[in-house]
Every structure is written in structure tokens, then in C-alpha cells.
S.K.: 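Below is a structure I'd like to ask you about.
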Amino acid sequence: MNTPYSFDHDAYAAALQERFAYLTDGEESGVTVKVAGRVMLLRTQGKLAFGTLRDSSGEIQLFALSAVAHDFEAFTKLHLGDWVGVEGEVVRTKRGELSVKVGFWQVLAEARQNFGDKWAGISDFDMRYRHREADLWANPETRTSLTRRSQVLQSIRRNLWDQDFMEVETPMLNGIPTGAAARPFVTHHNALGAEFFLRIAPELWLKRLVVGGYERVFEMGRVFRNEGISPRHNPEFTMLELYVAYWDFEDMMTLTEELCAKVALDVLGTTEITYQGREFSFATGWPRRSMAELASEAVGQDVSVHTPRERLVELLNERDVQVHASWGPGRCLSELFEATSEADIWNPMFVTEHPLEISPLARGHRRDPMLTERFEAFATGRELANGFSELNDPDVQRARFEDQARLAAAGDDEAMQIDHDYIKALEWGLPPTAGLGIGIDRLAMLIADAANIREVIAFPTLKPIREA
RNA sequence: GCGCCUCUAGCUCAACGGCAGAGCAAUGGACUCUUAAUCCACAGGUUUCGGGUUCGAAUCCCGAGGGGCGCACCA
């Protein structure tokens, strides 16, 4: 089929609906416009035809009269989903529907596949995820969710730029997978003859830029973790990490809650969110509670990182948590918190003062050497953000890495490796610095009211289809 | 990785051991104000795939594949 190389459209459906809202039933505007989009519905009635045109902004009716429209016969034979360009006068039909009265029109591209049931759309998950291009037309909620995600990204960038952050990019191909506790994807560079790991976090690179003198940096990009897929996990996901020189973790908590509030306001116009039928507020002033305090409340007795390990193990066993021999009291306390409190945190809250044992990159707490100046933000029962006063003493960092290496030797395949280059970077001097990581997909889920992470990822990771 | 559920026409779904169906889409036709238009006609299937049980299998059993949910891992 011969189709044009371009179409000089000059109007959008939503703008027309607004601009010509004043037209009364049966009134003609005298204004001619050129619109373009897909024909989503088509109703022919003898020498009349009505089509619903959808473009990126919304919908407007096409009203074709056999006496007026170019090639009326062909118009009535359009397929649902065909792209068309239409020129015509803006009118309101007798029945009150704003329409473009079709004059000249042409097919811009055919739809040879249909877009599913015109009422029920496409509900098959496999089809929706493998062919998002069809899902976007068949299910308007999909378009809303992905648009919201984009608006979240835009809002974050704008807010950070406004606060003098510099956006940077750091390597995704890493010789050592580090900056988080996770199993990596492995790949290979032919010319270098070297094994590389897809990054699991950009953390160490970003802090090296702070050593280099950039006081406020952020990176928002993909990280890769070779772990399970679930409604809240995709193997590749988007992480925001930012670092601010001269700040500590208290300052960073304030930035975190302010950023979330701004994003909610920018995208939804309110900080009051309904997620899966239940309300919560992104207004600032989130409670800040220590992990030990929350765990103590949950188990009904005082526990902390100073509680004898045997006592913590007992409490974990009572809750059917399998305790690994390598876990010290810090890890045990953290597991106890996760088993008892985490899932019940619906309203945004900062959980603070994580054990040093589970925080190899965080700076020791100024009041307790067994703890760190770390926080995690939780909302709707899941972790949203993680941050801390950054460990900047190279000798201490070396010792922490060595602890991690011992864990790895004991069989922990998510323990960090020693990164000598990073230690050397710290030897050039990292000023007091606070860092933050936010799982952007998780945030987008809250903003888009999505139950599944795949609803806010255009093309989620799926099993490749094997040829038979 | 483990467990439970699921897969029927292009899409959304029936049939649940006895002739594989409907709506929408598609195809042909009627209709000068429709709104998921309506009406008439026509067509559409190796019931995901491979085995098995049975006189008879979409349906029961075993295996494979895709998907969903839960657990584990994690953000």
C-alpha cells in the first residue's frame, strides 16, 4: 500500500475538545484542522460514518458524509487501528459529539494486527508485556502508568538540577561488582580478554567523583541484579543515587522526604496517595525510628545490637527464621526487624541506625560503634530508599571489605569483594558525605498505583521464547 | 530454585469424559446523527506441544513450554 512519507498535522484531539467546547449541538465552527492518529472505533450508517480518532493527547470523533468526504467508500472500509491523517472542519454533531467533518483524508499506515477486543482490550499478561505497543492502545491504564513513570523521572531530574546537582554517568561494565549485596550478571569483553560484571550499584564511582571535587552528584540509571523476578523485582531496574559533600544522614533523610513530596506534587498534584485502595501521605515529617526500637516493640522486649546473639537467635527461631552460622548479632537484629516489622510499615517512615555488620559502606555511628549512621525509608510495606553518612576512612573501609571477604569465604555469595582502587580513592580524601539510593521503579509503582513492577516498566524482563 | 494455579478462534471468554460455541475483530451486504451503533449473511480451530488412560479426551494422568501468584533471594 502506498502511504505518504509525512503528514502535516496541526491539531491535537485534547486541544480541540477544549478550544471548541463552546460549539452547540449541530453548530459548525468554520475552522479547518488537520488531525492524525489511529481509528479506534468505526460506525457506518449508510451514507454517514463516524469514527473515533485517538492521538497522543486524547480522542475526537471523525464525521464523514458521503457527499463531502474524499473517497467515502474507502473510509467506511478502514480497519480498527489504522493510522489516518484527516483534514476537515471542526463541528459538533446533532447528537452533541465534537467532530472533525472529514474532507480530505489518507491512510498513513495500516494496522494488520488487531488491538484486541474493543471493549475488553487485551488482558493476557504475556501478550501485554511482549507486545507493549499493542497494550498501550488496547488498555489506556497502561499508557497512564508508563506516562506517570516518565513524569517521575522528569520531576526528580528537575528538582535535583534546581538544587545544583550535577547529573553524571558511571560505568555499567565493572571489573568488580560492588556497592551493594547482590549477585551480578557476568559478561566478557573480547578485545581485553576480560570478565566484566554488569553493575549492581553505581555507588563507589559516584563517591570517587565527590573525592574529585563534585560536591553534589546524582546518577539515575539502570542497575542489574541476578536475582529472582517477582511483582516487586525486575532483573534490571532503575536506581537513583546521589551524594552530597558535607552532609550527614540526617540531612539526607530531609532531602529524601522533600524529594518524594515534590515528586508526588509534580505528578499527581497532591502528597495524599491512594495505593491499591489504601491511603498514605508523602507529606514531609516522616517518623524516624531506630531499627532496635522497632524490633523491640515488635517482640515485646528490649533488643539491640548489644543483646547476646543466643537471645536473638532464639527470637528468630521462634519466628521460623533460618539462622546462618556466620550471622553476628547485627545481622540477627536486622533479620528480626525484617521478620516482624517491615511489612507493617504502611505510612512512610525512616528506619535508622542499622548494625555496622550489615552496612560495609556506611560510617560508624557517632554514639555507638556497633551501629552506623544509616537509614532506610519504608512505605506500603516495602523498602523505598537507603542512605547513610558515607564511610570515608580508607583504613576502616579496608577492614570492612576484609570482613566481607571472610563472609564470602564462608559461602555468602552476595558479600562484597575488596575494591583496592576504591580504597586508594579514599586515600585521596573523601570529605564528610551523605549518600542516598532510591528504587525508582518502586516509587513509580506508588505514584502510578501499580501492584506489579511490570506495569511501570515498558518492556519488563521475560523468558526468551525458545524455538521448538 | 520450590509450591499452587493457568493456557480453547486474531482478542475477550463458554463448554469440564459424549457433535468445540458466543461476543468483538475480519469478510460480504442493509442503513443520512452514531457513541462498545444496530441488523442480515459468511468465515474462522492439530483446544500450547509430546506421550498415556478410555469405546470416546479441550476435559482425567505424566512430561515439556509460556504465563500468573506465593515462598526463597533481593530493591
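Naming convention: chains lettered A, B, ... in sequence-line order (proteins, then strands); numbering from 1 in each chain.
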S.K.: Closest approach to the side chain of A:I122, judged atom by atom: which nucleotide of B:A36, B:G70, B:U12 is it?
M.R.: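 So the side chain of A:I122 is nearest to B:U12.
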
S.K.: Would you kindly check whether a donor in the side chain of A:D124 faces an acceptor in the base of B:G67, or vice versa, at under 3.5 angstrom?
M.R.: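 Between B:G67 and A:D124, which were checked side chain against base, a qualifying N/O pair under 3.5 Å is absent.
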
S.K.: Distance between the C1' atoms of B:A75 and B:C5, in whole angstroms?
M.R.: 27 Å

S.K.: Expressed as a whole number of angstroms, how long is the span from A:Q113:CD to B:A9:C1'?
M.R.: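 Whole-Å distance recorded here is 14 Å.
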
S.K.: Between atom NE2 in A:H324 and atom P in B:A72, what is the gap in whole Å?
M.R.: 17 Å

S.K.: Between P on B:A75 and CG on A:N452, what's the gap in Å once rounded to a whole number?
M.R.: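 It works out to 18 Å between those atoms.
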
S.K.: Let me have a per-nucleotide readout for nucleotides 25-33 of chain B, 5' to 3', with B, S or -, counting only protein heavy atoms under 4.0 Å.
M.R.: SSS---BBB

S.K.: How about A:F196 and A:F185: are their ring centres within less than 6.0 Å of each other?
M.R.: no

S.K.: Does the gap between the ring centers of A:F249 and A:F388 come in under 6.0 Å?
M.R.: no

S.K.: Does A:R43 place a side-chain N or O at less than 4.0 Å from the phosphate oxygens OP1/OP2 of B:A36?
M.R.: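 Checking B:A36 against A:R43, no side-chain N or O comes under 4.0 Å of OP1 or OP2.
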
S.K.: What's the CG-P distance between A:D441 and B:A75, to the nearest Å?
M.R.: 13 Å

S.K.: Between A:I229 and A:E236, which residue's closest nucleotide on RNA chain B lies nearer the 5′ terminus?
M.R.: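 So the residue in question is A:I229.
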
S.K.: If only side-chain N and O atoms count, and only distance matters, is there a donor-acceptor pair under 3.5 Å linking A:T32 with A:E87?
M.R.: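 Side chains of A:E87 and A:T32: no pair found under 3.5 Å.
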
S.K.: Distance check, P atoms only: B:U32 and B:C7, in whole angstrom units.
M.R.: 45 Å

S.K.: For A:W119 and B:A37, what is the distance between atoms CH2 and C1' respectively, to the nearest whole Å?
M.R.: 13 Å

S.K.: Using whole Å, report how far CG of A:L446 lies from P of B:A75.
M.R.: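 That distance rounds to 17 Å.
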
S.K.: Rounding to the closest angstrom, what is the interatomic distance between B:G56 and B:C24 at atom P?
M.R.: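 B:G56 and B:C24 have their P atoms separated by 38 Å.
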
S.K.: Please measure how far the P atom in B:A58 lies from the corresponding atom in B:G52, and state the result in whole Å.
M.R.: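 Approximately 15 Å lies between the P atom of B:A58 and that of B:G52.
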
S.K.: Side-chain N or O of A:S123 less than 4.0 angstrom from OP1 or OP2 on B:C13?
M.R.: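 It does, given that an N or O in the side chain of A:S123 lies less than 4.0 Å from OP1 or OP2 of B:C13.
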
S.K.: So A:F63 and A:F50, would you call those rings parallel, tilted or perpendicular, with 30° and 60° as cut-offs?
M.R.: parallel

S.K.: Nearest-Å distance, CZ (A:R112) to P (B:C11)?
M.R.: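 The answer, rounded to whole Å, is 18 Å.
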
S.K.: P atom, B:U47 versus B:A25: distance in rounded Å?
M.R.: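 My reading of the P atoms in B:U47 and B:A25 gives 26 Å.
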
S.K.: Using a 4.0 Å heavy-atom cut-off across all strands, classify A:F125 as base, sugar-phosphate, or nothing.
M.R.: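 Touches sugar-phosphate only.
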
S.K.: From C-beta outward on A:E227, which listed nucleotide comes closest to its side chain: B:C73, B:G70, B:G67?
M.R.: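 From the listed options, B:C73 comes nearest.
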
S.K.: When you compare B:C31 with B:C69, how far apart are their C1' atoms, in angstrom units rounded to a whole number?
M.R.: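 That atom pair is separated by 49 Å.
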
S.K.: Can you find a heavy atom in the side chain of A:R216 that is under 4.5 Å from one in the side chain of A:Y243?
M.R.: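 The answer is no; the side chains never approach within 4.5 Å.
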
S.K.: For RNA chain B, determine which residues of residues 128-144 of chain A have any heavy atom closer than 4.0 angstrom to one of its atoms, and list them numerically.
M.R.: A:Y129, A:R130

S.K.: Just call it for A:M239: base, sugar-phosphate, or nothing, with non-hydrogen atoms closer than 4.0 Å on any strand.
M.R.: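 The residue A:M239 makes no contact with any strand.
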
S.K.: Got a sec: does the CD of A:E18 have more than 12 other heavy atoms crowding it under 6.0 Å?
M.R.: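 Counting neighbours around CD of A:E18, 12 or fewer heavy atoms of other residues, nucleotides or ligands fall under 6.0 Å, so no.
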
S.K.: What class does the angle between the rings of A:F282 and A:F280 fall in, given that below 30° is parallel, 30 to 60° is tilted and above 60° is perpendicular?
M.R.: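 Rings of A:F282 and A:F280: perpendicular, as their planes differ by over 60°.
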
S.K.: Within a strict 4.5 Å, meaning less than it, do heavy atoms of the A:E342 and A:R382 side chains meet?
M.R.: no

S.K.: Is the count of non-hydrogen atoms from other residues, nucleotides or ligands lying under 6.0 Å from A:F224 atom CZ greater than 12?
M.R.: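 Yes, because the 6.0 Å sphere around CZ of A:F224 holds more than 12 heavy atoms from other groups.
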
S.K.: I want to know whether A:W83 and A:W105 have ring centres closer than 6.0 Å.
M.R.: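 No, they do not, as the ring centres are separated by 6.0 Å or more.
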
S.K.: Closer to the 5' end of RNA chain B via nearest nucleotide, is it A:S99 or A:G121?
M.R.: A:G121

S.K.: Suppose you measure atom P in B:A9 against the same atom in B:C33; what distance do you get, rounded to whole Å?
M.R.: 38 Å

S.K.: Side chains of A:R157 and A:M220, heavy atoms from C-beta outward: is any pair under 4.5 Å?
M.R.: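 When only atoms from C-beta onward are counted, A:M220 and A:R157 do touch, with a gap below 4.5 Å.
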
S.K.: Where the side chain of A:R183 is concerned, which of B:C11, B:U12, B:C73 is the nearest nucleotide?
M.R.: B:C73

S.K.: In whole Å, what separates the C1' atom of B:G66 from that of B:U8?
M.R.: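 Taking atom C1' in both B:G66 and B:U8, they lie 15 Å apart.
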
S.K.: May I ask you to say whether A:E27 pairs ionically with A:K94, meaning some side-chain N is under 4.0 Å from a carboxylate O?
M.R.: no

S.K.: With pairs defined as Watson-Crick or G-U wobble and both distances under 3.5 angstrom, please note down RNA chain B as a dot-bracket string, | for pairing with another strand.
M.R.: (((((((..((((....[..))))..((((.......))))......(((((..]....))))))))))))....

S.K.: What integer distance in Å separates A:D320:CG from B:A72:P?
M.R.: 11 Å

S.K.: When you look at A:T284 and A:E257, which way does the side chain to side chain donor-acceptor pair (under 3.5 Å) test go after all the steps?
M.R.: CA-CA 5 Å; A:T284 55; A:E257 58 187 356; 5.5 Å; no

S.K.: Crowded around A:Q322 CD? As in, over 12 foreign heavy atoms under 6.0 Å?
M.R.: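 No, not enclosed.
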
